[in-house]
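Heads up, the thing below is written out as structure tokens.
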Amino acid sequence: MVADNDLAEAASMLAAAGKVAVLTGAGVSKESGLPTFREPQTGLWARYDPQKLASLEGFRHDPHLVWSWYMYRLGLVSQASPNAAHHAIAQLESLVPEVVVLTQNIDGLHQQAGSSRVEELHGSIRRFKCAADCQGAPTVIKLPPEALQSDRAPHCPHCDEFVRPDVVWFGETLPGDVIDRAFTAAATCNVMLVVGTSGVVQPAASLPFVARQYGADVIEVNPQRSEVTRYASIYLQGSAAEVLPALFAALQAQRAGAG
Ligand code: BV8
């Protein structure tokens, strides 16, 4: 469990902050029942490397395999609900003037929990597009429910190319507007709260470093040390669903104490 004085120190950083950026990774959705990226995949997918499947090369090599993996994950996401960590992050908006969530996750759980400003750095598993963006980038395609039950990648109604999830794969660039807003948030926040990421995937993993460079405090929440820990101002060791409600309660208490 996290030491009370670390929680109190982190809460006082948040209490003094006008703008907080919250960078999240797969760990924040772990307690919603969604597997993280680098922990062993379960069942059928245990023998596949997510980094290979989450790539344009993987899709080109076997579009139906990659499509099936995303439909499997979409099934898990559809059953999942936001956990206490997502709710605490959403409630932060009632205590901090400006909060922006920068998520690497594609599950949409921050929005479901009520966060009003969410930048999806890596896209969304709930949105689909033509693999050729034949009508312009992105060519979003509405799919009938039966397409989501199929293990065969559907075809674009305009050009017959395959349809794919509207996510950013390894080797693909993030949408320019999204990455600009994310780096601006990192450069202008007073505190960056980093939750549940191993801090290895670029360019998202550079955001906490940029925040530190611009003078922000970085608070990390993770049961294990990560690539971010070495330059965090405070490292709160524990799971997101345990630590974040406690951090939010400590912040509320400080706000109440401040009158
Ligand atoms: C790009 C969408 C330009 C799809 C994903 C610079 C240096 C080195 C490499 C590169 C570089 N620039 C680009 C690269 C290549 C690559 C990259 O970073 N590779 C890494 C692996 C070295 N980056 C890219 O390709 C990016 N594109 O930069 O474009 C370019 C292009 C070509 C060549 C060069 C440059 C695009 C990256 C986006 C990939 N798409 N997702 C999908 O989801 O299916 S990334 C994928 O990894 C997920 O989004 C995931 O969220 C993300 C990051 O992983 P984490 O979220 O951190 O998850 P992970 O499992 O790793 O860790 C979970 C953490 O949670 C752990 O720390 C664990 O301890 C913790 N945890 C567990 N339980 C809990 C918990 N925490 C809290 N509570 C708990 N209960």
Side-chain angles (χ1 to χ4, degrees), residues 1-2 22-42 45 48-59 65-77 80 82-89 101-110 118-129 164-176 178-179 182-183 193-209 219-230 232 235-247:
M1 194 47 200
V2 174
V22 187
L23 173 67
T24 64
V28 80
S29 296
K30 178 83 178 295
E31 282 137 311
S32 294
L34 298 179
T36 65
F37 239 68
R38 283 167 191 78
E39 284 169 341
Q41 301 295 308
T42 51
W45 303 107
Y48 292 96
D49 172 2
Q51 291 205 177
K52 292 258 184 318
L53 291 174
S55 71
L56 189 55
E57 190 191 341
F59 185 70
L65 177 73
V66 172
W67 178 262
S68 303
W69 183 53
Y70 277 92
M71 290 308 103
Y72 159 71
R73 290 174 67 198
L74 180 57
L76 296 180
V77 165
N83 64 57
H86 296 105
H87 289 299
I89 291 167
V101 178
L102 311 174
T103 188
Q104 299 172 86
N105 302 337
I106 60 175
D107 56 34
L109 292 181
H110 284 299
V118 180
E119 294 295 348
E120 292 181 314
L121 303 177
H122 297 155
S124 170
I125 199 169
R126 302 166 189 268
R127 203 173 43 242
F128 301 94
K129 67 177 186 178
R164 53 167 283 185
D166 188 13
V167 299
V168 180
W169 278 331
F170 287 101
E172 294 186 317
T173 50
L174 282 62
V178 172
I179 203 66
F183 275 84
L193 184 57
V194 181
V195 186
T197 183
S198 54
V200 299
V201 173
Q202 295 293 350
S206 303
L207 292 167
F209 184 71
I219 302 167
E220 183 186 22
V221 177
N222 196 322
Q224 290 170 12
R225 302 179 76 79
S226 74
E227 289 302 308
V228 175
T229 314
R230 59 195 145 96
Y235 167 51
L236 304 177
Q237 184 163 22
S239 81
E242 268 172 37
V243 172
L244 287 180
L247 180 56

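Counting convention: from 1, in listed order, for ligands and their atoms alike.
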Practice task
Considering only NZ, NE, NH1 and NH2 on the basic side and carboxylate oxygens on the acidic side, decide whether Glu172 and Arg164 come within less than 4.0 Å.
Solution key: yes
Problem - Under-4.0 Å protein heavy-atom contact, atom 2 (C) of ligand 1 - result: yes
Fill in the blank from the handout: Heavy-atom proximity to atom 8 (C) of ligand 1 ranks first, among Gln202, Glu31, Gln51, for Gln202
Completion exercise
To atom 44 (O) of ligand 1, the nearest of His122, Glu120, Arg73, Glu172 on a heavy-atom basis is Arg73
Handout entry: Contacts of Trp69 that satisfy side-chain hydrogen bond (donor to acceptor under 3.5 Å, both in side chains) - sequence neighbours left out
Key = none
Exercise for the section: Could you see which bit of Ile106 sits under 4.0 Å from ligand 1, with heavy atoms only: side chain, backbone, both or neither? Expected result: side chain
Distance-only check: which donor-acceptor pairs under 3.5 Å involve side-chain atoms of residues 122-129, not counting sequence neighbours?
residue	atom	partner	partner atom	Å
His122	ND1	Gln104	O	3.1
Ser124	OG	Arg126	N	3.0
Arg126	NE	Asp107	O	3.0
Arg126	NH2	Asp107	O	2.7
Arg127	NE	Asp166	OD2	2.7
Arg127	NH2	Asp166	OD2	3.4

Practice task
Check the surroundings of atom CD in Gln51: do more than 12 heavy atoms from other residues, nucleotides or ligands lie under 6.0 Å from it?
Solution key: yes
Practice task
Say whether, by atom type as modelled, one donor and one acceptor occur between the side chain of Asn222 and the main chain of Gly196 under 3.5 angstrom.
Solution key: no
Practice task
Using a 4.0 Å heavy-atom threshold (strictly under), name the region of Gln104 that reaches ligand 1: side chain, backbone, both or neither.
Solution key: both
Problem - Proximity winner for atom 76 (N) of ligand 1, if only heavy atoms of Pro223, Ala240, Pro165 are counted - result: Pro223
Problem - For ligand 1, the portion of Ser198 having any non-hydrogen atom under 4.0 Å away - result: both
Exercise for the section: Would you check whether Val167 has a nitrogen or oxygen atom less than 3.5 angstrom from a nitrogen or oxygen atom of ligand 1? Expected result: no
Exercise for the section: Please report which non-hydrogen protein atom sits nearest to atom 50 (C) of ligand 1, along with the residue it belongs to and the distance in Å to one decimal place. Expected result: Phe37 CD1, 3.9 Å
Practice task
With heavy atoms only and a cut-off of under 4.0 Å, state how Val200 meets ligand 1: side chain, backbone, both or neither.
Solution key: backbone
Fill in the blank from the handout: Of Trp69, Phe170, Tyr70, the residue with the heavy atom nearest atom 4 (C) of ligand 1 is Tyr70
Practice task
Give yes if a backbone or side-chain nitrogen or oxygen of Gly171 is under 3.5 Å from a nitrogen or oxygen of ligand 1, and no if not.
Solution key: yes
Handout entry: Closest protein heavy atom to atom 64 (C) of ligand 1, given as residue, atom name and distance to 0.1 Å
Key = Gly196 O, 3.5 Å
Handout entry: Sub-4.0 Å protein heavy atom near atom 33 (C) of ligand 1
Key = no
